[in-house]
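Predicted model only: the values in this text are computed from it and were never measured. As a basis for the values below, the full set of heavy atoms in this structure was taken, side chains included, without hydrogen atoms, waters or symmetry mates.
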Amino acid sequence: QTGLITLDLGYKNTGATLSEITYLDGDQGELFYRGYPIEQIAEKSNFTEVMYLLLHGELPTEDQLDTFNGNIKKYNFVAEEMKKIIDAFPRSAHPMGVLSTLTSALTAFNPKSVNVQSKEEMDLAAELLIAKFAHLAAWTYRKTLGLPLNHGDNSLDYVENFYKMAFRLPNEEFVINPVVTAALNKLLILHADHEQNCSTSTVRMVGSAHTGLFASVSAGISALWGPLHGGANQAVIEMLELIEKDGGDVNKWVAKAKDKNDSFRLMGFGHRVYKNFDPRAKIIKKAADDLLAALGIEDKALDIAMQLEKVALEDEYFIERKLYPNVDFYSGIIYRALGIPTEMFTVMFALGRLPGWIAQWKEMRLKGDPIGRPRQVYQGAQKRDYIDISNR
Ligand code: SDX
């Protein structure tokens with residue numbers, strides 16, 4: 001009916017767009033990238049191939065993948081002036097705030113990336129951003145340690161290149177550990193897209209005003225930073241460390257999470273769409289087990305996470321509300337095992353989600369979606385006359 005406004009707070013049941021990229025079935029706990037089940041993609045693919053799949057809709061042939069890789073390598077550097085921007089931040093600045101700033105600043109050094117109309121121009125902007133974003137993500141980490149900001153190494157693949165830019169130490173030969181890069185590939189694949197989540201909807205909303213790709217992604221980074229969204233992976237580890245420090249009594253903390261008078265929530269649990277296990281959480285949990293075994297690491301946080309999961313999944317409150325572990329519940333265990341510090345966890349989520357944000361932005365622009373402009377149900381003051389300050 002015209003004129004009728006249906007209030008749907010938090011867009012819990014609003015179909016905001018038509019998309020062909022990612023399919024979720026929340027009840028079945030299924031996730032498909034361009035029709036391919038996430039379990040098969042995580043097992044058989046690699047992050048560069050998944051970036052191509054999300055952006056172009058099909059798995060690439062060898063030639064297509066070589067061309068894609070070559071295009072990305074063409075831009076495997078960042079303007080030196082960008083270092084002056086990152087220098088202005090205190091070392092204590094949260095990497096997500098630095099990353100969002102640097103991503104938007106990229107526009108100033110690539111002005112042609114703003115007013116793009118054709119698919120070719122969008123693909124060019126995408127490859128440029130994919131290449132430079134790996135630098136920005138690596139640099140946000142090195143900034144916190146006061147380490148030199150490196151440029152890329154074209155002899156490496158995308159994930160190896162990021163890992164070396166982030167973790168190489170001055171005057172030391174950097175050794176690529178295949179166990180580490182295999183775990184990173186899997187994690188980045190699992191974070192690559194997730195249909196109309198909060199940060200992707202933000203990228204689409206900002207992009208619907210025909211704002212440039214870099215500034216639209218910068219807005220998405222800010223949305224992802226929130227502890228209810230991508231920031232949850234950092235909040236999970238901080239929660240597990242708190243529980244460990246408090247003596248490891250998971251029943252006490254599950255009770256706190258159920259107490260309506262207590263603002264504490266079980267971070268890494270619950271999901272707006274999944275009312276079953278998040279398929280990514282299952283894959284990450286197994287990958288965490290395998291990686292810790294391969295690296296010979298004992299992590300108390302993993303033991304606490306598994307105890308928490310067991311207690312919560314048997315508890316009426318969580319069962320009734322269909323609250324299960326989500327993608328963020330176990331990912332921090334792996335990042336920690338890879339030597340990635342807690343404040344970098346959400347940057348790793350952003351690096352993974354970048355191709356999804358770009359693919360969704362490109363689809364929105366190519367489909368010609370209108371500028372986003374939802375309505376409201378007004379509950380404020382009725383019409384009234386102005387009162388001079390002398391009469392207030
Ligand atoms: C991500 O959307 C995506 O796809 C996101 C994501 C992606 O890939 O992009 O999957 C990534 O953001 C995963 C979610 C990470 N966030 C967290 O782990 C934070 C903890 N989880 C919650 O805050 C919550 O579950 C949300 C934000 C994820 C979902 O919130 P909803 O759908 O708005 O649900 P809600 O807040 O209305 O909760 C419904 C009920 C409430 O209880 P009642 O009012 O019905 O009594 O469930 C309770 C909530 O209090 N609840 C929780 C809980 N999550 C929900 N209670 C305790 N602990 C929790 N974690």
(request) Give a yes-or-no answer on whether the side chains of Ser222 and Ser100 include a donor-acceptor pair shorter than 3.5 Å. (result) yes
(request) Identify whether the distance between the nearest side-chain nitrogen and carboxylate oxygen of Lys285 and Glu309 falls below 4.0 Å. (result) yes
(message) Could you tell me if Arg321 sits above the aromatic ring of Tyr317, with its cationic atom closer than 6.0 Å to the ring centre and no more than 45 degrees from the axis?
(response) yes
(request) Could you tell me whether Glu62 atom CD has more than 12 heavy atoms of other residues or ligands within 6.0 Å of it? (result) no
(request) For Ala137 and Leu99, work out which heavy atoms get closest and say how close. (result) N-CD1, 3.8 Å
(message) Between Thr67 and Gln64, do the side chains contain a donor N or O and an acceptor N or O under 3.5 Å apart?
(response) no
(request) Identify whether the distance between the nearest side-chain nitrogen and carboxylate oxygen of Arg204 and Glu363 falls below 4.0 Å. (result) yes
(message) Using modelled atom types and a 3.5 Å cut-off, is there a donor and acceptor pairing between side-chain atoms of Arg142 and backbone atoms of Pro148?
(response) yes
(request) Using a 4.5 Å cut-off on heavy atoms from C-beta on, say whether the side chain of Pro37 contacts that of Glu30. (result) no
(message) Side chains of Gln360 and Gln196 only: does a donor on one sit below 3.5 Å from an acceptor on the other?
(response) yes
(request) Flag yes if more than 12 heavy atoms outside Ile387 fall under 6.0 Å of its CD1 atom; otherwise flag no. (result) no
(request) State whether a side-chain donor-acceptor pair under 3.5 Å links Thr346 with Asn233. (result) yes
(message) If we count only N and O atoms by modelled type, under 3.5 Å, do the side chains of Asp246 and Trp253 hold a donor and an acceptor together?
(response) yes
(message) For a quick test of reading the model, state the closest non-hydrogen atom pair linking Gly339 to Tyr141 and the distance between them.
(response) O-OH, 4.4 Å
(message) Distance check, rounded to the nearest 0.5 Å: Tyr330 atom OH versus Ile334 atom CD1?
(response) 11.0 Å
(message) Quick test of your reading of the model: are Lys282 and Asp278 salt-bridged, counting only N-O distances below 4.0 Å?
(response) no
(request) Could you walk me through whether Ser390 and Asp388 pass side chain to side chain donor-acceptor pair (under 3.5 Å), step by step? (result) CA-CA 5 Å; Ser390 55; Asp388 285 340; 5.0 Å; no
(request) For the pair Thr211 (side chain) and Val206 (backbone), establish whether a donor and an acceptor sit closer than 3.5 Å, ignoring hydrogens and angles. (result) yes
(message) Distance alone, cut at 3.5 Å: any donor-acceptor contact between the side chains of Arg336 and Thr342?
(response) no
(message) Under a 4.0 Å threshold between the charged nitrogen and the carboxylate oxygen, would Lys275 count as salt-bridged to Asp27?
(response) no
(message) Tell me if the aromatic rings of Phe167 and Phe174 count as close, with their centers under 6.0 Å from one another.
(response) no
(message) Using salt bridge (charged side-chain N to carboxylate O under 4.0 Å, His left out), reason through Lys84 and Glu81 one step at a time and then give a plain yes or no.
(response) CA-CA 5 Å; Lys84 292 195 183 83; Glu81 297 91 327; over 6 Å; no
(request) Tell me, please, which residues at least two apart from Lys310 pass side-chain contact (heavy atoms from CB on, under 4.5 Å). (result) Glu314
(request) Would you please say whether a donor-acceptor pair under 3.5 Å links the side chains of Ser155 and Asp153? (result) yes
(request) Verify the ring-centre separation between Phe269 and Phe318: is it less than 6.0 angstrom? (result) yes
(request) Flag yes if more than 12 heavy atoms outside Leu18 fall under 6.0 Å of its CG atom; otherwise flag no. (result) no
(request) Take Lys132 and Asn110 through the test side-chain contact (heavy atoms from CB on, under 4.5 Å) and record every step on the way to the result. (result) CA-CA 11 Å; Lys132 298 183 186 297; Asn110 304 278; 4.2 Å; yes
(message) If you count heavy atoms of other groups shown closer than 6.0 angstrom to CZ of Arg384, is the number above 12?
(response) no
(request) Using the six-membered ring wherever Trp is involved, compare the ring planes of Trp139 and His135 and label them parallel, tilted or perpendicular (cut-offs 30° and 60°). (result) perpendicular
(message) Other residues, nucleotides and ligands only: do more than 12 of their heavy atoms fall within 6.0 Å of NZ on Lys383?
(response) no
(message) Among Ile297, Val236, Ile284, Asp299, exactly one meets side chain to side chain contact (heavy atoms under 4.5 Å, CB included) together with Ile333. Which residue is that?
(response) Asp299
(message) Under a 3.5 Å cutoff, is there a donor and acceptor pairing between the side chains of Ser199 and Asn197?
(response) yes
(request) Write down the atom of Ala294, the atom of Val179, and the distance for their closest heavy-atom approach. (result) CB-CG1, 4.2 Å
(message) So for atom CD, which belongs to Glu298, do other residues, nucleotides or ligands contribute more than 12 heavy atoms lying within a distance under 6.0 Å?
(response) no
(request) Determine whether more than 12 heavy atoms belonging to other residues, nucleotides or ligands lie under 6.0 Å from atom CG of Asn171. (result) no
(request) Taking atom types as modelled, find out whether Gln28 and Asn276 have a side-chain donor-acceptor pair closer than 3.5 angstrom. (result) no
(message) Does Asp157 form a side chain to side chain donor-acceptor pair (under 3.5 Å) with Asn69? I'd like the steps, not just the answer.
(response) CA-CA 8 Å; Asp157 76 21; Asn69 261 317; over 6 Å; no
(message) Applying the side chain to side chain contact (heavy atoms under 4.5 Å, CB included) criterion to Leu308, which one of Asp303, Ile243, Asn251, Leu313 satisfies it?
(response) Ile243
(request) Please assess Lys112 against Glu121 for the test salt bridge (charged side-chain N to carboxylate O under 4.0 Å, His left out), listing each intermediate value before the final yes or no. (result) CA-CA 9 Å; Lys112 287 205 188 93; Glu121 287 171 327; over 6 Å; no
(request) Assess the pair His229 and His194: is the distance between their ring centroids shorter than 6.0 Å? (result) no
(request) State plainly whether the residues Lys74 and Glu127 are in salt-bridge range, i.e. N to O under 4.0 Å. (result) no
(message) Ring-plane angle category for Tyr335 and Phe345, please: parallel below 30°, perpendicular beyond 60°, tilted otherwise.
(response) tilted
(message) Are His151 and Phe77 an aromatic pair, judged by ring center distance below 6.0 Å?
(response) no
(message) Give me the atom names and distance for the closest heavy-atom approach of Pro370 to Ser208.
(response) O-CB, 3.7 Å
(request) Ignoring hydrogens and angles, state whether a donor on the side chain of His94 or Gln234 is under 3.5 Å from an acceptor on the partner side chain. (result) yes
(message) For Glu244, I'd like to know if atom CD has over 12 heavy atoms of other residues, nucleotides or ligands within 6.0 Å.
(response) yes
(message) How close do Ile38 and Pro279 get, counting heavy atoms only, and between which atoms?
(response) CG2-CB, 4.1 Å
(request) Give me the ring orientation class for Phe349 and His191: parallel if the planes are under 30° apart, tilted from 30 to 60°, perpendicular past 60°. (result) perpendicular
